[in-house]
Amino acid sequence: MSSFVTLSTGQRMPTVGLGTWKSGPGQVKQAVLAALDCGYRHIDCAAVYGNEEEVGEALALRVGAGKDVRRDEIFVTSKLWNTKHEPEDVEEACRSSLAHLGLAYLDLYLMHWPMAFRRGKELMPRREDGSIRYSHTHYRDTWIAMETLVDKGLVKAIGLSNFNARQTDDILSIARHKPVVNQVECHPYLSQTDLLAHCRSVGVCVTAYSPLGSGDRPWASSEEPRLLDDPRLAAIAQRNGKTSAQVILRWHLQRGVVCIPKSVTASRIQQNLQLFDFSLSNQDMKLIDSIDQNHRFIVPTIQRGGETVWRDAEHPHFPFHDPY
């Protein structure tokens, strides 16, 4: 059982998808198969995750003529990485993802970040001191190149990821093909209320990545709060006969936010889709809204001068200096 949002292009995007970030080799194929077999029709990918070929192996087994799922029944997203922002690199990057996924087109292609890194084969081009080598290619120029992917039929729609409201408006002001989605970190500790309201006002759907707080992120420290352990969520879950994860995902859906929880455990993948046989009361929704801490889990950091700082904060297009 799934529900859909209708994008500004008229496409129907399932409100729950399978996230594939951090799904390792030998795991992601089985995760995608488990997801498709229990009813998922939305798979979220990215070139930088390094696992699109394995996702493609799973899609080849289940999707297409004579298979369990028709191609037009499934919604597949991928993302353009930061080293591919030069306009002349955009089509090649998209075609590479299509080849790895074994698809003729993508339903949605996102600019993964507004920040460009120096072009080349390295995903994280670094200087001697370990800092990232940036490019100052403007995301507007990258966007114009992405629009030709729609013209050529390589992608059905294009969108943004990790863009703030001002940057989203900047793209909208020049767009021939408007962004249909802004995919951002969003969960009860980072509720994104202002950004969500802004995107809604300009016809851009919000997708939540790390919708459960990404407890398995590689740099998690023991001092940081663990969203899934929050006793307030546990109490709501107990009242509703659900897990804390299901309560959080239902909260997203009731706010009109698409979510892409990642798991490689078949039972949890199935649980994460079992969201349509209950709803949260207004009181529950308000309580979850109230635990917002404006806390980002997904900002890469580095050590500098003995303190932990945001890695890309010096980039001219770093999105998180703005309040939303």
Side-chain angles (χ1 to χ4, degrees), residues 1-7 9-47 49-79 94-110 149 153-157 159 180-181 183 205 207-209 211-212 242-243 245-246 249-250 252-253 257-278:
M1 172 65 192
S2 185
S3 67
F4 299 85
V5 295
T6 301
L7 303 177
T9 51
Q11 292 164 282
R12 279 158 44 95
M13 182 184 192
T15 52
V16 183
L18 180 75
T20 59
W21 178 43
K22 308 186 301 298
S23 296
Q27 294 182 312
V28 72
K29 179 179 176 181
Q30 294 309 314
V32 174
L33 289 173
L36 292 172
D37 290 348
C38 74
Y40 283 75
R41 294 296 178 262
H42 176 180
I43 309 293
D44 183 86
C45 313
Y49 301 164
N51 58 15
E52 287 191 325
E53 287 185 62
E54 208 174 309
V55 173
E57 290 172 19
L59 294 176
L61 290 172
R62 292 290 188 272
V63 179
K67 308 275 175 59
D68 298 352
V69 183
R70 294 197 320 266
R71 174 63 185 94
D72 63 0
E73 291 177 318
I74 188 168
F75 194 101
V76 182
T77 300
S78 187
K79 307 180 191 81
C94 178
R95 288 187 182 276
S96 174
S97 281
L98 285 170
H100 288 157
L101 293 164
L103 299 174
Y105 67 88
L106 291 165
D107 298 277
L108 179 61
Y109 196 48
L110 306 178
L149 305 176
L154 296 173
V155 305
K156 298 276 189 193
V180 297
V181 160
Q183 185 181 123
C205 173
T207 297
Y209 71 73
L212 300 174
K242 291 288 180 178
T243 65
Q246 288 169 321
L249 296 174
R250 183 70 206 180
H252 283 294
L253 299 190
V257 173
V258 173
C259 47
I260 44 169
K262 170 259 169 184
S263 180
V264 293
T265 309
S267 60
R268 203 162 288 138
I269 288 169
Q270 190 160 18
Q271 272 185 355
N272 287 345
L273 198 59
Q274 293 168 342
L275 309 174
F276 302 99
D277 57 352
F278 77 111

Any side-chain to backbone donor/acceptor pair from Q246 onto Q271? Under 3.5 Å, distance only. yes
Would you check if L103 and R71 make a side-chain contact, meaning some heavy-atom pair closer than 4.5 Å? yes
Show the numbers, then the answer: is there a side-chain contact (heavy atoms from CB on, under 4.5 Å) between F276 and L253? CA-CA 10 Å; F276 302 99; L253 299 190; 3.7 Å; yes
Can you find a pair of side-chain heavy atoms, one from L108 and one from Q11, that are under 4.5 Å apart? no
Distance, nearest 0.5 Å, that separates CD1 of I74 from CD1 of I43: 5.0 Å
Mind jotting down which residue pairs meet the ring-ring contact (aromatic ring centres under 6.0 Å, His included) criterion with at least one end in residues 22-43? Sequence neighbours excluded, please. H42-F75
Is it the case that R41 places NZ or CZ above or below the six-membered ring of F4, under 6.0 angstrom from the centre and within 45 degrees of the axis? no
Sequence neighbours excluded and cut-off under 3.5 Å, please list the side-chain donor-acceptor pairs for residues 32-39, or say none.
| residue | atom | partner | partner atom | Å |
| --- | --- | --- | --- | --- |
| D37 | OD1 | R62 | NE | 2.7 |
| D37 | OD2 | R62 | NH2 | 3.1 |

Please report the closest heavy-atom contact between I269 and S263, naming both atoms and the distance. CD1-O, 3.5 Å
Nearest atoms (heavy-atom pairs only) where M13 meets L7: SD-CD2, 4.0 Å
Thinking salt bridges, do R12 and D72 make one under a 4.0 Å N-O criterion? no
Euclidean distance, T207 OG1 relative to H252 NE2, rounded to 0.5 Å: 11.0 Å
Within this structure, what is the CG-NZ distance for the pair D44 and K79, rounded to the nearest 0.5 Å? 3.5 Å
Apply the test side-chain contact (heavy atoms from CB on, under 4.5 Å) to residues Q183 and I260: give CA-CA distance (whole Å), side-chain angles for both, the deciding distance (0.1 Å), then the verdict. CA-CA 10 Å; Q183 185 181 123; I260 44 169; 3.5 Å; yes
Spacing of L249 atom CG and Q274 atom CD [to the nearest 0.5 Å]: 11.5 Å
Ignoring hydrogens and geometry, is there a side-chain-to-backbone donor-acceptor pair from S3 to T15 under 3.5 Å? no
Are L61 and K67 packed together at the side-chain level, in the sense that at least one heavy-atom pair is separated by less than 4.5 angstrom? no
Would you check if the side chain of N51 reaches a backbone N or O of T20 as a donor-acceptor pair within less than 3.5 Å? yes
Would you check if there is a donor-acceptor pair between the side chains of S78 and E52 at a distance under 3.5 Å? yes
Nearest heavy-atom neighbours spanning C205 and V258: SG-CG2, 3.8 Å
To the closest 0.5 Å, what do you measure between OG1 (T77) and NZ (K156)? 13.5 Å
At what distance, to the nearest 0.5 angstrom, does NZ of K262 lie from CZ of R268? 9.5 Å
